[in-house]
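All values derive from a computational prediction rather than experimental measurement. So you know, we letter chains A, B, ... as the sequences are listed, proteins then strands, and number each from 1.
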Amino acid sequence: MNVPADLRYAKTHEWIRLDGDTITVGITDHAQAELTDIVYAEPPKVGAEVKAGATAAVVESVKAASDIYSPLSGTVTEVNSELSGNPALLNTDPFGQGWIYKMKAPDSSEIDALLTPEAYTAQIS
Amino acid sequence: MSDPITLRHSPLEEAHIACGARMVEFGGWSMPVQYSGIIDEHKAVRSASGMFDISHMGEVTVSGPGALAWLESLLTNRVGKLALTRGQYSLMLDEGGGVIDDLILYRSGEQEYFLVINAACRDIDLSWMRSRLPSDGFVVLNDLGDAYAAIALQGPDSERILRTLAPGCEVPKRNGIASLPGFEGEVPSLVARTGYTGEDGFELFVPVARGAALWNALLAAGVKPCGLGCRDTLRLEMGYPLNGSDLSRERTPLEAGLGKFVSLDDPEKPAFTGRPVLEAQRAKGLPSQLTPLKLTVQGPPLRSHYAVLSEGAMVGETCSGALSPSLGEGIAVAYLPVALSTPGTLLEIEVRGRRYAAIVAELPFYKKPAA
């Protein structure tokens with residue numbers, strides 16, 4: 001399983017990427033493989049307040065709907081509009097074009113509480 | 001859900017693992033839900049061929065001079081119209097007209113019938129039948145569920161594959177059953193031309209010790225292993241009901257739209273359990289009708305237990321739903337008041353607090369394109 005070294009991870013299989021004060025959120029390669037063919041994605045709305053550990057998005061495979069939990073608390077600033085027409089991006093490029101939303105998160109201690117790539121790799125192996 | 005310790009295992013489980021299956025619990029059984037992917041498997045069955053392990057389903061023979069009359073008293077479809085080697089879909093009802101199980105029975109001998117029953121209903125069906133056996137010994141019931149491994153071969157290439165797999169096999173016509181040569185053992189090997197996908201295909205029943213050999217022969221012939229995931233999307237595209245989701249003791253077969261498998265108007269059909277309730281329902285009007293629904297907007301995949309609304313008021317909930325892999329549309333079935341079951345009726349389906357426009361459709365959802 002691919003676990004990029006420059007990201008931080010939630011136990012619930014989401015990743016974050018830091019870019020200045022903007023944080024991008026997606027699901028991991030492990031998560032997409034477990035979910036199988038993703039046919040629908042419901043990202044949060046721009047401006048929505050999300051809370052760490054609370055449901056922020058839903059993705060659905062043919063077989064099941066799965067909640068995606070926000071790794072951090074904050075405000076959604078952008079959502080990936082490509083996903084509505086092409087939800088399979090979550091399967092094919094989970095760390096790239098399959099990102100789900102971007103957010104601002106004021107509390108940096110929440111970031112420190114997330115898993116390192118090493119710790120996440122240990123969790124899924 | 002079932003205690004994992006009591007989970008039953010298919011004789012083909014090792015073969016599934018070798019094919020990369022993802023296993024799930026279904027009806028008390030550990031069964032493959034998918035291998036390569038539900039959409040990929042679904043499309044293989046629609047365009048070429050796929051195979052499903054159906055060893056979890058139950059096989060029962062009913063034989064003896066009293067077999068016909070006894071089955072007539074238990075089942076909705078007239079058994080007496082079956083010629084030798086022919087089969088029919090039928091329902092077993094309780095006294096309230098509710099569905100205990102839906103099944104297929106074949107007339108496998110002059111006085112012998114071969115029944116195929118649902119996995120989750122095996123114990124219930126058998127105890128229901130055993131408790132109603134006549135004491136005169138003229139009916140013999142034989143549970144062969146653990147003696148058989150069974151595989152459904154489905155898709156337009158099925159006949160060609162069957163002919164390669166079992167040369168000299170007498171290929172049955174639709175709803176017929178015949179011997180399957182080459183897989184002899186403790187119980188007779190059989191091939192029935194039926195299925196649960198809307199495609200041409202066969203259900204193959206072989207002695208449990210020959211199951212893996214049959215699976216591997218089909219695999220070598222290029223048939224794609226298919227799991228319960230696409231079995232569900234394929235059957236729902238055709239509007240075939242699933243017992244436990246679309247059929248239950250709470251609804252009659254008339255409400256489920258299965259009236260053509262209930263011989264109410266056949267003067268030669270004797271009395272059967274549940275019949276008075278069905279006749280009363282028909283005289284008074286049905287309390288509900290299993291209704292096919294389609295989203296008219298892009299939306300999430302439909303699933304069971306989503307609210308169906310008419311003019312803002314909840315009028316029912318979905319029993320089964322899916323994003324149809326063949327059509328790319330959300331499809332579902334729901335028991336609705338009869339007045340709302342007419343094709344073209346506009347409704348809404350609520351998913352996670354949002355309402356999506358839907359319309360009453362006609363079955364089957366999926367029609368095979370003209371060749």
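- When atom types are taken as modelled, the side chain of B:Arg22 and the backbone of A:Glu34 share a donor-acceptor pair closer than 3.5 angstrom.
- Counted within 6.0 Å of NZ on A:Lys11, heavy atoms from surrounding residues, nucleotides or ligands total 12 or fewer; the atom is thus considered open.
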Solution key, residues 304-314 of chain B side-chain donor-acceptor pairs under 3.5 Å, sequence neighbours excluded:
residue, atom, partner, partner atom, Å
B:His305, ND1, B:Glu317, OE2, 2.7

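- The environment of B:Lys368 atom NZ is dense: over 12 non-hydrogen atoms of other residues, nucleotides or ligands sit within 6.0 angstrom.
- Residues A:Ser84 and B:Gln298 approach most closely at O-OE1, 4.4 Å, considering heavy atoms.
- In the displayed structure, A:Asp19 atom CG is contacted under 6.0 Å by at most 12 heavy atoms of other residues, nucleotides or ligands.
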| task | Evaluate the criterion side chain to side chain contact (heavy atoms under 4.5 Å, CB included) for residue pair B:Thr233 and A:Val62; output intermediate values, then yes/no. | result | CA-CA 9 Å; B:Thr233 51; A:Val62 179; 3.7 Å; yes
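- Neither the backbone nor the side chain of A:Ala41 comes within contact range of chain B; no heavy atom of the residue lies under 4.5 Å from a heavy atom of that chain.
- Residues A:Ser61 and B:Pro301 come closest through the heavy atom pair O-CG, 4.3 Å.
- Separating the OG1 atom in A:Thr36 from the CG atom in B:Asp40 is a distance of 12.0 Å, to the nearest 0.5 Å.
- The shortest distance between side-chain heavy atoms of A:Val39 and B:Ile39 falls below 4.5 Å.
- Note: A:Thr55 OG1 to B:Arg352 CZ = 10.0 Å, rounded to the nearest 0.5 Å.
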| request: Take B:Arg303 and A:Glu60 through the test side chain to side chain contact (heavy atoms under 4.5 Å, CB included) and record every step on the way to the result. | output: CA-CA 11 Å; B:Arg303 304 190 188 282; A:Glu60 301 201 42; 2.7 Å; yes
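- Within a 6.0 Å sphere centred on CD of A:Gln123, heavy atoms belonging to other residues, nucleotides or ligands number more than 12.
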